[in-house]
Amino acid sequence: MPSKPTRLSALMARALPRTIRGRLPLLLALPTCALVVVATVGAITQSSQYGAAGRTRDEVVLVLDAQELVHQLQRERGLTAGLLGGDQSFRSRVDSQRKASDQARAALDRQLAGNSPGVGAVREALAQLGSLATVRGEADGGSVGRAEALAFYTRAITALTDAAFHGGTELEDRQLTDGLTTLRKLGDGTEAAALERGTLNGILATGSFSDRDYRTFITLLGTKGDALAEVPRTATAAQTHALDAVMRNHSAVAVARMEQQVLTAHDAKKLPVAPADWWQPATALVDGLHQVQIRVADDTSARADQLRSDALRQLLMKAVLALLAIAGAAVLALAATRSILRPLHALTEEAHRIADLALPQAVARVREAQRQAEPAELTEGFTGSALAARGDEIANVAGALDRVADTALRLAVDQAVLQRTSTESLANLGRRNKELVSRQLGFLSALERSEDDPGTLANLFELDHLATRMRRNAESLLVLAGERSPRRWADPVPMGDVLRSALGEVDDYRRVLLRHTTPALLDGGAVSEVAHLLAELIENALAASSPETDVEIYAQEHGADYMIAVVDHGGGLSEAELATANRRLSGQESFLVGRTQLLGHYVVGRLAVGLGARVWLAPSPMAGVTASVLLPGRLLSGQADLAAVR
C-alpha cells in the first residue's frame with residue numbers, strides 16, 4: 001500500500017496538464033530559486049559585513065591600546081631629553097614616567113594575546129623597544145646623547161603607530177573610513193607635538209640652539225601644523241570642535257607664545273624660556289590632543305558596532321527569507337520533477353537504444369554490404385522511437401531524434417559509398433598510369449640499349465629515372481586502394497640492392513649516403529614493397545632537409561629482425577607533429593580524411609601493415625628526424641611466404 005506522500009505526489013502529477021507547455025507555470029519555481037540565490041548571496045555578504053565590522057572594532061581597540069603606549073613613550077622621551085640636556089629636576093619625573101610606560105606596555109601585551117587583526121604587525125613593531133632598558137641605563141649614566149635617545153624613542157613610536165594603523169578597514173563605509181583617517185591624522189599631529197615637546201625640552205635644558213637643533217625644531221613646527229590642519233577634512237563637526245577647543249585653550253596659547261619666544265631668540269646664547277615652564281603647557285597640549293584621539297576612537301568604535309548590529313539584523317532577515325524560499329521551491333520542484341522527468345527518462349532510454357544498438361547495427365550492415373548493395377537498400381529496416389506516437393511535445397522531440405538518426409544513417413551510407421567509389425577510382429587510375437609508365441620504361445630501355453652517344457644516353461637515363469618515380473606514384477595509388485604490388489622476385493635479394501632500388505625511385509638521390517649496411521637477404525616477394533616504403537621515407541627526408549645537407553641511411557640486424565634508419569638534418573618536428581605522423585605511419589588513419597601533401601605517410605602505413613613491419617619517426621640526436629623501419633625476421637629467410645605475412 002503506497003504511503004501518503006507517494007499518493008499525494010501521484011495526485012499532484014495527475015492534476016497537472018499533459019503537455020510540457022501546460023506545465024510552464026511551474027517555471028515560477030525558477031524565480032523562487034533565484035530569490036533563494038539572491039538571499040543566500042545577501043546572507044553571505046551580510047555575514048562578511050558582520051565579521052568585518054567586528055574585526056574593525058577590534059582594530060580600533062588595538063589602536064587605542066597602542067596609542068596609549070605611544071602617549072606614555074612620548075612623555076618619557078620628552079623627560080629623558082630634558083634630563084640629558086642637563087636639567088636634573090626631571091630626574092624624579094623620569095623614573096615615575098618609566099613605570100607608567102611599562103604599565104601601558106603590559107596592557108598592550110594583554111591585548112596582543114588575542115587574534116584580532118593587526119596583532120602580528122604590532123608585535124613586530126614592539127621589537128623596536130627591545131633595547132629600551134639599555135637606553136634607559138645609558139640615559140641615567142649620561143653615556144647616550146640627547147639626539148640619539150630622541151631618535152631611539154621616535155623610531156619605536158613611529159613603528160608602533162604605523163603597525164597599529166596598518167590594517168585599515170574591510171568595510172566600504174565612509175563614516176568609518178573617515179574616522180580611521182581622522183584618528184591617524186590626530187596621531188601624526190600628536191606625535192609631532194610630543195616630539196616638539198621633548199626636543200625643545202632638551203634644547204631649553206641645554207640653554208641654546210645648535211644649527212641642527214634649530215632646523216629640527218622648525219621642521220617639527222611645520223609637521224605639527226600640517227597634520228592638525230588635515231584633521232577637519234575627515235573629522236565630524238563635534239570632533240573638529242573638540243580639536244579647536246584644545247588648540248585655543250590657555251595651554252596651547254602658552255605653547256604658541258613660547259614657540260615664538262624661542263624662535264625670536266634662536267641665536268641667543270641663553271634662551272628666554274625655562275624647561276619647567278615649557279614642559280607643563282606642552283604636556284597639557286599633548287594630553288588634550290590625546291583626549292581628542294580617544295573621542296574619535298570611541299566614535300569610530302561606536303560606528304563599527306552599529307554596522308555590526310545592522311549586518312546581523314540583515315543576516316537574520318535574509319536567512320529567514322532564504323529558508324522560506326527554499327521550502328516553497330522544494331514543494332514546486334517535487335511536482336515539476338515527477339511530471340516532466342518521467343517522459344524525459346523514457347526519451348533518454350530511446351536515445352540510448354538508438355545510439356548504442358540501432359545505429360551501430362545499421363552501420364555494421366553498411367560496412368558488410370558496401371560492395372554488394374546500393375544505398376537505398378542499406379537504409380531499409382531502421383525503426384524509429386516508440387515515443388513519437390505520444391500526443392505532447394515529447395513526441396516532437398522523439399521525431400526530431402528519429403530524423404537525426406535517419407540523417408546519420410544516410411551519411412554513413414553515403415560515406416561508405418563514397419569511400420568505395422574513391423577507392424575504385426584510385427585503383428583504376430593507378431593501374432592505367434602504371435601500365436603507361438611500364439610501357440614507357442620498356443621503350444626507354446630499348447633506346448638506351450641502342451644509343452651510343454654519351455650525352456643522349458645521359459638524357460635517356462634521366463628520363464628513365466623520372467619514369468621510375470612516376471611508376472612509384474602509380475603504385476602508391478594502388479597501395480592506397482588496397483591492392484598489392486604485382487612486381488615480384490622469385491629469389492631473395494640482397495638488402496643493399498633493395499636500398500639502391502629505393503634510391504632509384506627518388507629525386508636528388510646523389511644527396512643520399514649509405515653509411516652502413518649489414519648484409520642480409522630479403523624475401524623476393526617483399527622487395528618491391530620494401531623498396532617502395534623506403535623510397536617514400538627517403539623522399540620525405542630529402543624534402544625536409546636543405547639542399548646543402550645529406551640524408552644518411554643505416555641498415556643492420558636488430559636481433560632476429562632487421563632495422564633500417566633514414567636520418568635527415570632538417571628543422572625537425574614538434575612532439576605533436578611527431579605523434580600525428582606516427583599515427584599515420586602505423587596505418588591508424590584513413591588517407592581520405594588527411595592532408596593531400598602527406599599521402600606518402602599513408603602509403604608507408606599501408607605498406608608497413610601489409611609487410612608486418614613497424615615504422616616510426618623520432619628526433620635525430622643532433623638535428624632533424626630519424627625514420628626507423630623494423631622489418632620482421634620472417635622476411636629475411638628468403639623462404640617466407642609474403643601472403644602468410646598478410
Side-chain angles (χ1 to χ4, degrees), residues 465 468-469 472-473 476 493-520 522 526-527 529-589 591 594-609 611-633 635-636:
H465 183 63
T468 301
R469 293 173 59 202
R472 177 168 61 86
N473 290 337
S476 294
V493 178
M495 192 61 70
D497 293 344
V498 176
L499 294 173
R500 281 185 285 273
S501 175
L503 293 180
E505 297 185 8
V506 300
D507 190 19
D508 206 4
Y509 57 88
R510 298 175 183 83
R511 289 172 48 208
V512 182
L513 302 178
L514 296 176
R515 292 296 190 188
H516 174 75
T517 304
T518 300
L522 181 65
V527 170
E529 293 178 333
V530 171
H532 191 171
L533 183 151
L534 293 174
E536 293 288 348
L537 294 177
I538 294 170
E539 189 165 272
N540 284 345
L542 289 169
S545 55
S546 63
E548 294 80 15
T549 60
D550 295 328
V551 172
E552 302 173 333
I553 297 179
Y554 300 85
Q556 63 182 15
E557 293 180 350
H558 187 76
D561 302 327
Y562 197 84
M563 173 79 77
I564 303 172
V566 180
V567 183
D568 69 59
H569 301 284
L573 298 174
S574 66
E575 291 186 7
E577 290 171 334
L578 283 173
T580 302
N582 284 328
R583 282 198 301 272
R584 290 192 291 262
L585 293 174
S586 64
Q588 298 178 15
E589 293 185 0
F591 74 96
R595 294 167 53 189
T596 56
Q597 299 92 330
L598 301 173
L599 285 178
H601 285 178
Y602 297 102
V603 173
V604 172
R606 288 287 185 90
L607 291 171
V609 171
L611 291 167
R614 181 186 170 210
V615 183
W616 70 94
L617 301 183
S620 296
M622 298 297 293
V625 174
T626 298
S628 301
V629 181
L630 186 64
L631 298 174
L635 298 180
L636 304 178

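As a basis for the values below, the full set of heavy atoms in this structure was taken, side chains included, without hydrogen atoms, waters or symmetry mates.
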Mind listing the closest non-hydrogen atom pair of [X] and [Y] along with its distance?
X	Y	value
V625	S620	C-OG, 3.0 Å
A618	L578	N-CD2, 4.4 Å
A535	A502	CB-O, 3.7 Å
I564	M495	CD1-SD, 4.3 Å

**Request:** Answer yes or no: is there a donor N or O on one side and an acceptor on the other, between the side chain of S586 and the main chain of N582, under 3.5 Å?
**Result:**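 A pair under 3.5 Å: yes.
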**Asked** Between Y562 and T518, is there a donor-acceptor pair closer than 3.5 Å when you use the side chain of the first and the backbone of the second?
**Response**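 Confirmed, Y562 side chain pairs with T518 backbone.
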**Request:** Could you check T549 against R511 for side-chain contact (heavy atoms from CB on, under 4.5 Å), going step by step and ending with a plain yes or no?
**Result:** CA-CA 7 Å; T549 60; R511 289 172 48 208; 4.0 Å; yes
**Prompt:** Mind checking what makes side-chain contact (heavy atoms from CB on, under 4.5 Å) contact with A544, not counting sequence neighbours?
**Reply:**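 Checked A544 against side-chain contact (heavy atoms from CB on, under 4.5 Å); matches are D568.
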Rounded distance (nearest 0.5 Å) linking atom [atom1] of [X] with atom [atom2] of [Y]:
X	Y	atom1	atom2	value
Q556	H516	CD	NE2	5.0 Å
L503	L513	CG	CG	9.5 Å
E529	L635	CD	CG	9.5 Å
I553	I538	CD1	CD1	3.5 Å
L617	T580	CG	OG1	11.0 Å
H532	R606	NE2	CZ	12.5 Å

**Request:** Under the salt bridge (charged side-chain N to carboxylate O under 4.0 Å, His left out) rule, collect the residues that match up with R515, sequence neighbours excluded.
**Result:**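 Per chain and number, R515 pairs via salt bridge (charged side-chain N to carboxylate O under 4.0 Å, His left out) with E552.
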**Partners meeting salt bridge (charged side-chain N to carboxylate O under 4.0 Å, His left out) with D561 (sequence neighbours left out)** =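 Residues passing salt bridge (charged side-chain N to carboxylate O under 4.0 Å, His left out) with D561: none at all.
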**Request:** With side-chain contact (heavy atoms from CB on, under 4.5 Å) as the test, would you mind laying out the steps for E536 and V615 before giving the verdict?
**Result:** CA-CA 12 Å; E536 293 288 348; V615 183; over 6 Å; no
**Message:** Do R500 and D497 have side chains that approach each other closer than 4.5 Å (heavy atoms only, starting at C-beta)?
**Reply:**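 Yes - at least one pair of side-chain heavy atoms lies under 4.5 Å apart.
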**Message:** Could you go through E557 and L636, starting from their C-alpha distance and side-chain angles, then the distance that decides it, and tell me whether this counts as side-chain contact (heavy atoms from CB on, under 4.5 Å)?
**Reply:** CA-CA 10 Å; E557 293 180 350; L636 304 178; 5.6 Å; no
**Of L499, D550, L542, V566, the residue whose pairing with V512 passes side-chain contact (heavy atoms from CB on, under 4.5 Å)** =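 Testing V512 for a side-chain contact (heavy atoms from CB on, under 4.5 Å) against L499, D550, L542, V566 leaves exactly one candidate, L542.
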